[in-house]
Chemist: 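Quick one: structure below, then a few questions.
Since the structure is predicted, the reported quantities are computational estimates derived from the model, not experimental observations. To find a chain, count down the sequence lines: A is the first, B the second, and so on, and within it residues start at 1.
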Amino acid sequence: TVYAYPHIGNWFTFVRYDLLVRTLRASGYEPRWVMNITDVGHLVSDGDEGEDKLEKGARREGKSAWDVAKFYTDYFVQGLERMNIAAPTYLPKATEHIQEQIDLIKRLEERGFTYTISDGVYYDTAKFPRYADFARLDVDEQQAGKRVEFNPEKRNVSDFALWKFSPKDQIRDMEWNSPWGKGFPGWHLECSAMSMKYLGETMDVHAGGIDHVPVHHTNEIAQTEAVTGKPMAQCWMHTNHITVNGEKISKSLGNGITLEDIEKQGFSLMALRLHVLESHYRSQSKFSWESLAAASNRLKDYRAMADLRFQPATSESNELTELDYDQYQQDILAALQDDLDTPTALSILSRVSGERTSSISAHEQPAFERFLQFIDDALGLQLLASSDATSEQKQLIAQRQTARDNKEWQTSDNLRNELGKQGIGIRDTEYGSIWYRL
RNA sequence: GGCGCCUUGGCGGAGUGGUUACGCAGAGGUCUGCAAAACCUUUUACGCCGGUUCAAUUCCGGCAGGCGCCUCCA
């Protein structure tokens, strides 16, 4: 929903979707990935009756709802790129599929699943007997109105709006004509309408946050399956949430850390990405600056390993034990294919980086580079994004070596400092001087 | 009130009925012109109480604590 800046909890989830796509690709599939943009507001009851998040956001920022949606949509798409999340095949917008949504309501209406009350057209969940099954809901025991005022016109507590009428005394930025009156679609509707358009009546995998199980996904299923009579998805993937200081992230708690905050603290977004992979998507995991720093250091090791491809390779005659990179690759892929077990995948990668700290052999270089390419494809850590040291820097390294050979320590240290200013560190190993990025 | 989840070493985080997860951090050492890095060694685990079992962190029950959902939310 594009009404505000996404926080890191959102990005955790998006990275996990990305891992699914990358794992499928590494396994020989070419998934069609649809990520829908909710650019028409949901109903809220933050005490502002008749307003929704987008309209509210617009008023807050002194713009129209359309401007707000566009602004945050653009920001979101850029964020996907910044986090190195594979580009979805389709990014359909709810506002561009109003007709499809109206058509879906018509089909539901024909089948007798709808009824109209003063503020909109509703879905009668009692007409869909399997309604509570998906989330194992105990609808009768759920306390209606405990947190939100219950609309007494609704037939059942769990009934939800398919089409909301615009308030009589108000002109909304976003509203459309429909057979039932001027208004706007309920927010569960777009997912059913757009998924059927782009993925057919049954999709292979439907992903989403764990929080959506009881309401949103339940409602999606009710809408879609009432019309198709087929399962909406073969498989559901629900990502758990992260907590910050033991609490969930929410705007009201003011702990919504953004990508900008991450960078402001001096961390790269790839460090954040690695941090996401360190926990399993089903687990509720914790975010802290300390653990992000740990991930950042870990990434530095991986990068130093990747940069070995620029260093002088050792001859084949030395004692460096050859590694079976293909085997490591297979093991990592197997871990990912096992319910996206990224923690295990990383433990294998760390084993390799622990073995390759100073040098690689000329003989294994091609396999090593294939391995790095696989890691970048599967995990998206951009290890191959770094470039070689410049020829000037390499010259300085050589000069320093000469100075050391002549025991001109002052000169040698000066050169090391100079390289350090350029972000290049030097380590003197048994294989010679190796540079790495500070 | 209803539904569900969690509790692992300094931090993060996997996993398993009997065998090192992994990462980060800490300590000591080797190496080094000095560093850095690397390498070696090292410290502390499975909330509490019962039960099942030859054996439980890993299964069962209870207790304590924490969290999530039942509003929009990743």
Side-chain angles (χ1 to χ4, degrees), chain A residues 1 3-4 6-17 38 41-46 52-53 56 132 135-150 157-158 187 207-216 218 238-243 246-252 256 274-275 277-302 304 335 341-351 353-354 356-359 403-404 407-410 412-413 416-417 420 425-431 433-436 438:
Chain A
T1 307
Y3 69 94
H7 53 65
I8 51 171
N10 299 314
W11 292 113
F12 262 66
T13 295
F14 302 150
V15 168
R16 285 172 164 158
Y17 300 159
T38 303
H42 304 170
L43 301 173
V44 300
S45 42
D46 286 321
D52 66 38
K53 297 231 184 210
K56 199 177 163 189
R136 293 189 211 95
L137 298 175
D138 188 347
V139 177
D140 294 337
E141 291 298 331
Q142 294 197 346
Q143 290 197 347
K146 173 136 185 167
R147 293 171 71 188
V148 170
E149 206 174 329
F150 176 63
V157 182
S158 49
W187 90 281
I210 194 171
D211 52 297
H212 285 314
V213 173
V215 179
H216 182 51
T218 290
H238 288 116
T239 58
N240 212 319
H241 288 344
I242 60 166
T243 58
E247 285 176 310
K248 76 163 195 162
I249 299 174
S250 71
K251 299 251 156 48
S252 58
L274 179 59
H275 185 38
L277 305 187
E278 286 184 320
S279 62
H280 192 96
Y281 79 88
R282 288 178 186 274
S283 303
Q284 187 176 78
S285 52
K286 301 164 203 166
F287 174 85
S288 69
W289 294 106
E290 200 184 353
S291 50
L292 181 58
S296 184
N297 287 338
R298 188 179 198 172
L299 182 61
K300 224 174 268 179
D301 276 356
Y302 292 165
D341 187 353
T342 52
T344 294
L346 289 182
S347 77
I348 297 165
L349 177 56
S350 282
R351 217 170 297 152
S353 82
R356 285 295 175 268
T357 54
S358 297
S359 187
R404 289 184 70 222
K407 300 195 189 306
E408 294 163 2
W409 309 126
Q410 191 57 51
S412 139
D413 288 354
R416 186 167 67 198
N417 290 340
I426 292 291
R427 11 190 280 230
D428 299 321
T429 76
E430 56 181 312
Y431 306 106
S433 292
I434 303 290
W435 61 265
Y436 61 98
L438 295 171

Chemist: Once hydrogens and angles are ignored, does a donor-acceptor distance under 3.5 Å link the base of B/A35 to the side chain of A/D428?
Modeler: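 Pair found.
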
Chemist: Considering just the side-chain nitrogens and oxygens of A/K286, establish if one lies under 4.0 Å of OP1 or OP2 belonging to B/G13.
Modeler: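 Affirmative; the distance criterion is met.
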
Chemist: Between A/A293 and A/V215, who's closer to the 5' end of RNA chain B by nearest nucleotide?
Modeler: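 Result of the comparison: A/A293.
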
Chemist: Distance check: side-chain N/O of A/N240 vs OP1/OP2 of B/C5, anything under 4.0 Å?
Modeler: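 Indeed not, no polar side-chain atom of A/N240 lies that close.
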
Chemist: Would you state whether a donor and an acceptor, one from the side chain of A/R416 and one from the base of B/A35, lie under 3.5 Å apart?
Modeler: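 Yes, a donor-acceptor pair under 3.5 Å.
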
Chemist: Does A/K248 have a side-chain nitrogen or oxygen under 4.0 Å from the phosphate oxygens OP1 or OP2 of B/C69?
Modeler: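 Answer is yes, contact under 4.0 Å.
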
Chemist: Within the structure shown, what part of the strands sits under 4.0 Å from A/S296 by heavy-atom distance: base, sugar-phosphate, or nothing?
Modeler: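 Counting heavy atoms under 4.0 Å across all strands, no contact is made by A/S296.
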
Chemist: For atom P, what is the distance between B/C60 and B/A21, given to the nearest Å?
Modeler: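 Taking atom P in both B/C60 and B/A21, they lie 23 Å apart.
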
Chemist: When we call it a touch if two heavy atoms are under 4.0 Å apart, what does A/G425 touch: a base, just sugar-phosphate, or nothing?
Modeler: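 Since no nucleic acid heavy atom lies under 4.0 Å of A/G425, the category is nothing.
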
Chemist: Taking atom types as they are modelled, would you say the side chain of A/S412 forms a donor-acceptor pair with the base of B/G33 within the 3.5 Å cutoff?
Modeler: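 Under the 3.5 Å cut-off, the side chain and the base do form a donor-acceptor pair.
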
Chemist: For the side chain of A/D413 and the base of B/G33, is some donor closer than 3.5 Å to an acceptor across the two?
Modeler: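 A donor-acceptor contact between them is present.
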
Chemist: Would you measure the distance from the C1' atom in B/G29 across to the matching atom in B/G61 and give it in whole Å?
Modeler: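 B/G29 and B/G61 have their C1' atoms separated by 50 Å.
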
Chemist: Indicate, with a heavy-atom threshold strictly under 4.0 Å, whether A/G354 touches base, sugar-phosphate, or nothing.
Modeler: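 Sugar-phosphate, backbone atoms only, no base.
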
Chemist: If you measure from the Lys or Arg side-chain nitrogens to the Asp or Glu carboxylate oxygens, is any gap between A/D428 and A/R404 under 4.0 Å?
Modeler: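 Looking at A/R404 together with A/D428, the answer is yes, because their closest N to O distance falls below 4.0 Å.
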
Chemist: State whether the distance check finds a donor on one side and an acceptor on the other, under 3.5 Å, for side chain A/H241 versus base B/A74.
Modeler: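 In this structure, the two groups form a donor-acceptor pair.
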
Chemist: Establish, with yes or no, whether the OP1 or OP2 oxygen of B/C72 is under 4.0 angstrom from a side-chain nitrogen or oxygen of A/T1.
Modeler: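 A/T1 to B/C72 OP1/OP2: no side-chain N or O under 4.0 Å.
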
Chemist: Over how many whole Å does the gap from A/K300 atom NZ to B/A37 atom P extend?
Modeler: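 Value for this atom pair: 10 Å.
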
Chemist: Taking the C1' atom of each, how far is B/U32 from B/U16, in whole Å?
Modeler: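 Each nucleotide's C1' atom is 43 Å from the other's.
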
Chemist: Indicate, with a heavy-atom threshold strictly under 4.0 Å, whether A/R16 touches base, sugar-phosphate, or nothing.
Modeler: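 If one applies the 4.0 Å heavy-atom cut-off, A/R16 turns out to touch nothing in the nucleic acid.
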
Chemist: Any base atoms under 4.0 Å from A/I348, or only sugar-phosphate, or nothing? Heavy atoms, all strands.
Modeler: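 It contacts nothing in the nucleic acid.
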
Chemist: Regarding A/H212, tell me which of base, sugar-phosphate or nothing describes its non-hydrogen contacts under 4.0 Å with the strands shown.
Modeler: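 Result for A/H212 = sugar-phosphate.
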
Chemist: Looking for any heavy atom pair under 4.0 Å, which part of the strands does A/I426 touch: base, sugar-phosphate only, or nothing?
Modeler: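 Touches a base.
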
Chemist: In dot-bracket form, 5' to 3', how is RNA chain B paired? Count Watson-Crick and G-U wobble pairs only if both distances fall under 3.5 Å, and write | where the partner sits on another strand.
Modeler: (((((((..(((.....[...))).(((((.......)))))....(((((..]....))))))))))))....

Chemist: Write down the distance separating the C1' atoms in B/A45 and B/G10, rounded off to the nearest Å.
Modeler: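 Between the two C1' atoms, the distance is 12 Å.
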
Chemist: Treating A/S412 as the side-chain partner and A/E408 as the backbone partner, does any N or O pair qualify as donor plus acceptor under 3.5 Å?
Modeler: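 Here the side-chain-to-backbone pair does not exist.
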
Chemist: Just to verify, what does A/R282 make a salt bridge (Lys or Arg N to Asp or Glu O under 4.0 Å) with, not counting sequence neighbours?
Modeler: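 Residues passing salt bridge (Lys or Arg N to Asp or Glu O under 4.0 Å) with A/R282: A/D339.
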
Chemist: Does A/R416 pair with A/D413 as a salt bridge, N-O distance under 4.0 Å?
Modeler: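 Salt bridge between A/R416 and A/D413, a charged N being under 4.0 Å from a carboxylate O: yes.
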
Chemist: Considering only atom C1', compute the distance from B/C48 to B/A56 and round it to an integer number of Å.
Modeler: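 These two C1' atoms come out 15 Å apart once rounded.
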
Chemist: Between B/A25 and B/G68, how far apart are the P atoms? Round to whole Å, please.
Modeler: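 To the nearest whole Å, 31 Å.
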
Chemist: For the P atoms, the ones on B/G15 and on B/G47, what distance do you get once it is rounded to whole angstrom?
Modeler: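 To the nearest whole Å, 15 Å.
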
Chemist: Specify the residue among A/W409 and A/R298 whose closest nucleotide of RNA chain B lies further upstream toward the 5′ end.
Modeler: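 Here A/R298 is the residue nearer the 5' end.
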
